[in-house]
Undergrad: 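For reference, the structure I am asking about is given below.
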Amino acid sequence: MSAHALGNPCEQAVNQWFARCWPEPWATGARMAVAYSAGADSTALLLAAQRRWPGQVVALHVHHGLQAAADGFESHARAVCALHSIALRVSHVQAAHSPGESPEAAARDKRYATLAQMAQQAGASAVLLGQHADDQAETLLLALSRGAGLPGLAGMPERFERHGVVFGRPLLGLAAAPLRAWLQAAGHAFVDDPTNTDVRYTRNRIRALLIPAWDACFPGFRPLLARSARHAAEAQRLLDDLAQLDLAHTGEPPAVAALQTLRRERQANALRHWLRQRHGVAASAAQLGELLDQIADCRTRGHRIHIKVASGFVDRAGERLRYTPPI
């Protein structure tokens, strides 16, 4: 049986994601947005969303201005959306990175901010993203190589909010190969981003070198890595619950004396949660270790605590800790 006869493999994934991750009532006439790069994954997702919500889908295309091929991506996106009678919004941005900033991170942050703004302007309830099981596997391997904690090992979530907009990833359980096979069998054109094969980028090296090696040693490893990511996410949620209980005990900002009544591991967990939730920063392992050491040694009223965390500082203000962001 041909891939075309089998149908778009994204359709079931979109339906399952919606049933699992969208508890809100779906208003009559509500719009669903799809981040549409014109590549294979977002093309298959866009067509599946159009089948799920006919006439209610808007494609959001971000022109990053980072490569000469970007104009061709936009032209292709316009042609595909016109062919399938899908509304399209295009935004041109300059996603060049600042000195010392990761180019991938700069482009990603600008893309999310732009997609959120476009979705709000279009009146869309959410934005669907085309990351799939291969992307999730790359994310986990990257996290492992960097010694990440549970938040990193949890990988990419199925649903999250950023800039006041809900984002969803319905395809995390699907491998890339079936998506491309269906598109090619069904005759749906898509573009290939030449930067995806540029091995100067760490993620591309993982895709080109590590993923094939894992596939050769452990066929079918993608859903197993995804399962590990779900376990990590569940464990992190439990740690967040514990941190909230401990912060109720220490107060916020945390009191030094109250922190000292907790085991070191629980101190670390509570401080990570406080810094992440209240200040949007994460301490490195070395920074957190030094902070915990200073908390342990803080036995006199005049003991000073002053530790660099991210781009700011944690210090002691009276009986409590304080985070001061950079000026």
Side-chain angles (χ1 to χ4, degrees), residues 3-19 21-22 24 26-65 69-93 110-132 135 158-159 162-163 165-172 174 176 178-193 196:
H4 183 61
L6 288 173
N8 186 346
C10 295
E11 291 181 17
Q12 184 178 10
V14 166
N15 291 333
Q16 291 174 342
W17 175 87
F18 188 75
C21 298
W22 196 266
E24 301 89 342
W26 182 256
T28 303
R31 306 190 82 184
M32 181 64 76
V34 174
Y36 178 46
S37 68
D41 314 321
S42 65
T43 298
L45 176 59
L46 179 65
L47 296 175
Q50 178 71 346
R51 284 286 298 271
R52 177 65 174 77
W53 298 283
Q56 297 171 254
V57 172
V58 56
L60 308 179
H61 182 81
V62 179
H63 185 303
H64 289 290
D71 289 339
F73 298 164
E74 179 184 337
S75 297
H76 182 87
R78 290 187 182 279
V80 169
C81 288
L83 177 64
H84 295 280
S85 300
I86 298 173
L88 172 68
R89 287 177 176 248
V90 177
S91 181
H92 289 241
V93 301
K110 187 66 175 180
R111 179 171 179 258
Y112 278 123
T114 303
L115 288 171
Q117 182 180 44
M118 295 168 74
Q120 290 168 335
Q121 292 170 346
S125 298
V127 180
L128 300 184
L129 305 170
Q131 285 102 348
H132 45 63
D135 297 317
E158 286 190 309
R159 173 178 166 148
R162 190 172 294 186
H163 304 293
V165 171
V166 174
F167 288 85
R169 296 186 175 102
L171 310 185
L172 290 180
L174 293 177
L179 307 185
R180 287 186 171 243
W182 175 78
L183 287 169
Q184 291 166 348
H188 294 297
F190 56 88
V191 298
D192 276 313
D193 187 337
N196 286 339

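Starting from 1, each residue takes its place in the sequence as its number.
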Undergrad: Mind checking the CD-CG spacing from Gln131 to Leu171? Nearest 0.5 Å is all I need.
TA: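 Answer rounded to 0.5 Å: 9.0 Å.
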Undergrad: Could you tell me whether a side-chain N or O of Asp41 sits under 3.5 Å from a main-chain N or O of Ala176, the two making a donor and an acceptor?
TA: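 It does not hold such a pair.
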Undergrad: Roughly how far, to the nearest 0.5 Å, is CG of Leu174 from CG of Asp135?
TA: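 Here the interatomic distance stands at 11.5 Å.
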Undergrad: Are Arg51 and Asn8 close enough that some pair of their side-chain heavy atoms sits under 4.5 Å apart?
TA: no
Undergrad: Between His188 and His84, what is the ring plane arrangement, given parallel below 30°, perpendicular above 60°, and tilted in between?
TA: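 Because their plane-to-plane angle lies in the 30° to 60° range, the rings of His188 and His84 count as tilted.
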Undergrad: Mind telling me whether Phe18 and Trp26 have parallel, tilted or perpendicular rings, with 30° and 60° as the class edges?
TA: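 Judged by the thresholds at 30° and 60°, the geometry between Trp26 and Phe18 is perpendicular.
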Undergrad: Once rounded to the nearest 0.5 Å, what's the spacing between atom CZ of Arg159 and atom CG of Leu129?
TA: 13.0 Å
Undergrad: Taking C-beta and beyond as the side chain, do Phe190 and Gln184 meet within less than 4.5 Å on heavy atoms?
TA: yes
Undergrad: Under the ring pair (Phe, Tyr, Trp, His ring centres under 6.0 Å) rule, collect the residues that match up with Trp17, sequence neighbours excluded.
TA: none
Undergrad: Report yes if some heavy atom in the side chain of Val90 is under 4.5 Å from a heavy atom in the side chain of Arg78; otherwise report no.
TA: yes
Undergrad: Please enumerate all residues that pass ring pair (Phe, Tyr, Trp, His ring centres under 6.0 Å) together with Phe167, with sequence neighbours excluded.
TA: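 Ring pair (Phe, Tyr, Trp, His ring centres under 6.0 Å) list for Phe167, sorted by chain: Tyr112, Phe160.
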Undergrad: Can you list everything that forms a ring pair (Phe, Tyr, Trp, His ring centres under 6.0 Å) with His92? Sequence neighbours excluded, please.
TA: His63
Undergrad: Under 4.5 Å between any side-chain heavy atoms of Pro170 and Leu128, yes or no?
TA: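 Yes; the side chains approach each other to less than 4.5 Å.
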Undergrad: Distance from Met118 atom CE to Ser91 atom OG, nearest 0.5 Å?
TA: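 That separation rounds to 5.0 Å.
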Undergrad: Keeping His76 on the side-chain end and Ala189 on the backbone end, is there a donor-acceptor pair under 3.5 Å?
TA: yes
Undergrad: Measuring only between side-chain heavy atoms, which start at C-beta, is Val166 closer than 4.5 Å to Ser125?
TA: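 Heavy-atom side-chain distance check fails, nothing below 4.5 Å.
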Undergrad: When rounded to the nearest 0.5 angstrom, what is the spacing between NZ in Lys110 and CG in Leu115?
TA: 11.5 Å
